[in-house]
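Here's the structure we're looking at; comments come further down.
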Amino acid sequence: MLNIIWPVFIIISIIYALFSGNIEKLSNGIFDSASSAVELTITFFGTICLWNGIMEIVRKTSLMGKLTKILKPFMTFVFPELKKQSRAYEDISMNIIANLLGLGNAATPLGLKAMQTMQKENPKKDTLTNSMAMFIVLNTASLQLIPTNVIAIRSSLGSAQPSSIIVTVWIATIIAAVVGIVATKILMKKF
């Protein structure tokens, strides 16, 4: 659907620019946007490399075990059917930690890996388990303590206080996570 919507928007923009005499502004806007996109990509690239490196260090040290123990009460409540010693348990923990740090781009490969691990343990390959459904909800809610990507975007765009949104992000993501977990728990009991 988006492969239809975006070309339509682009064509309408070009036609409007031609008829309103703003073709030069359109042309300048295209090049300015391209430049901004490259700068933003470089900013993201540095942030992603930093945090992916930190997550890899965490994975290879005893820190992962300690963080998993800290998350254990939460994990036991949210994923009661997962075995504590399963590989999925560790993969989910890594994903949650990456999301807490606001590393959506770093959390994505960890989330995919966790889903693959849970699918291997899934007795019905064509149906999501309760743990898989809850994991999707948690990733969508994406509880964040440090919204790294948003701070990086605000910083690259010249914000005077790029981290001033932290409290707002805490409130929004906590509410989203709580509502998502409660709704999923209720629906799991019904279905």
Side-chain angles (χ1 to χ4, degrees), residues 1-61 63-64 67 70-71 74 91-115 135-181 183:
M1 186 68 176
L2 286 177
N3 58 348
I4 295 170
I5 293 172
W6 284 111
V8 169
F9 282 159
I10 292 169
I11 291 168
I12 290 171
S13 299
I14 292 171
I15 291 170
Y16 181 78
L18 283 171
F19 285 114
S20 65
N22 292 322
I23 197 71
E24 187 176 329
K25 288 182 181 178
L26 176 70
S27 178
N28 290 339
I30 290 170
F31 290 112
D32 289 344
S33 296
S35 174
S36 297
V38 169
E39 289 174 21
L40 186 59
T41 301
I42 290 170
T43 302
F44 267 150
F45 184 69
T47 305
I48 290 168
C49 287
L50 170 72
W51 288 106
N52 276 338
I54 290 172
M55 292 305 289
E56 193 60 31
I57 291 169
V58 167
R59 172 172 266 168
K60 292 184 178 185
T61 63
L63 187 57
M64 182 59 212
L67 292 172
I70 292 170
L71 287 176
F74 174 76
D91 289 342
I92 291 171
S93 295
M94 286 292 290
N95 176 268
I96 289 172
I97 292 164
N99 274 325
L100 285 173
L101 295 174
L103 310 173
N105 295 330
T108 300
L110 297 168
L112 292 172
K113 189 174 182 183
M115 286 298 279
F135 185 63
I136 291 169
V137 168
L138 278 178
N139 267 294
T140 304
S142 184
L143 180 62
Q144 294 184 16
L145 296 178
I146 307 168
T148 310
N149 288 341
V150 177
I151 291 171
I153 291 170
R154 289 173 52 90
S155 179
S156 72
L157 295 175
S159 173
Q161 297 177 334
S163 60
S164 65
I165 53 141
I166 289 179
V167 174
T168 308
V169 169
W170 289 347
I171 293 167
T173 59
I174 288 170
I175 290 171
V178 169
V179 169
I181 291 168

- Which pair of non-hydrogen atoms, one from Ser155 and one from Pro162, has the smallest distance, and what is that distance? N-CB, 3.8 Å
- Task: Any chance you could measure Ile151, atom CD1, to Gln144, atom CD, to the nearest 0.5 Å?
- Result: 9.0 Å
- Task: Measure the shortest side-chain to side-chain distance between Tyr16 and Ile11 over non-hydrogen atoms and say whether it is less than 4.5 angstrom.
- Result: no
- Note on the structure: Taken to the nearest 0.5 Å, the spacing of Ile15 CD1 from Ile23 CD1 works out to 10.5 Å
- Heavy-atom donor-acceptor pair, Asn139 side chain to Phe135 backbone, under 3.5 Å: yes
- Item | Residues which pass side chain to side chain donor-acceptor pair (under 3.5 Å) with Ser164, listed by chain and number, not counting sequence neighbours | Arg154
- Item | Any residue meeting side chain to side chain donor-acceptor pair (under 3.5 Å) with Ser20, in chain and number order, not counting sequence neighbours | Asn22
- Message: To the closest 0.5 Å, what do you measure between CD1 (Ile153) and OG (Ser159)?
- Response: 11.5 Å
- Task: Rounded to the nearest 0.5 Å, what's the gap from CE on Met115 to CD1 on Ile92? Could you check?
- Result: 9.0 Å
- Message: Walk me through whether Leu100 and Leu143 qualify under side chain to side chain contact (heavy atoms under 4.5 Å, CB included).
- Response: CA-CA 6 Å; Leu100 285 173; Leu143 180 62; 3.8 Å; yes
- Query: Do Thr173 and Ser142 have side-chain heavy atoms sitting under 4.5 Å apart?
  - Reply: no
- Message: Could you measure the distance from the CD atom of Glu39 to the CG atom of Leu157? Nearest 0.5 Å is fine.
- Response: 9.0 Å
- Task: Could you check Leu71 against Ile97 for side chain to side chain contact (heavy atoms under 4.5 Å, CB included), going step by step and ending with a plain yes or no?
- Result: CA-CA 9 Å; Leu71 287 176; Ile97 292 164; 3.9 Å; yes
- Measure from the side-chain N and O atoms of Ser35 to the backbone N and O of Phe31, and report whether any donor-acceptor pair falls under 3.5 Å. no
- Query: Is there a side chain to side chain contact (heavy atoms under 4.5 Å, CB included) between Leu138 and Phe74 once you walk through the steps?
  - Reply: CA-CA 12 Å; Leu138 278 178; Phe74 174 76; 4.1 Å; yes
- Is there a side-chain contact between Pro147 and Ile165, using heavy atoms and a 4.5 Å cut-off? yes
- Item | Main-chain N/O of Ile136 paired to Thr140 side chain as donor or acceptor, under 3.5 Å | yes
- Query: Any side-chain heavy atom of Ile14 within less than 4.5 Å of one from Leu26?
  - Reply: yes
- Message: Looking at every non-hydrogen atom in both residues, tell me the closest pair between Asn99 and Ala107 and how far apart they are.
- Response: OD1-CB, 3.4 Å
- Distance-only polar pair, side chains of Asp91 and Asn95, donor-acceptor under 3.5 Å: no
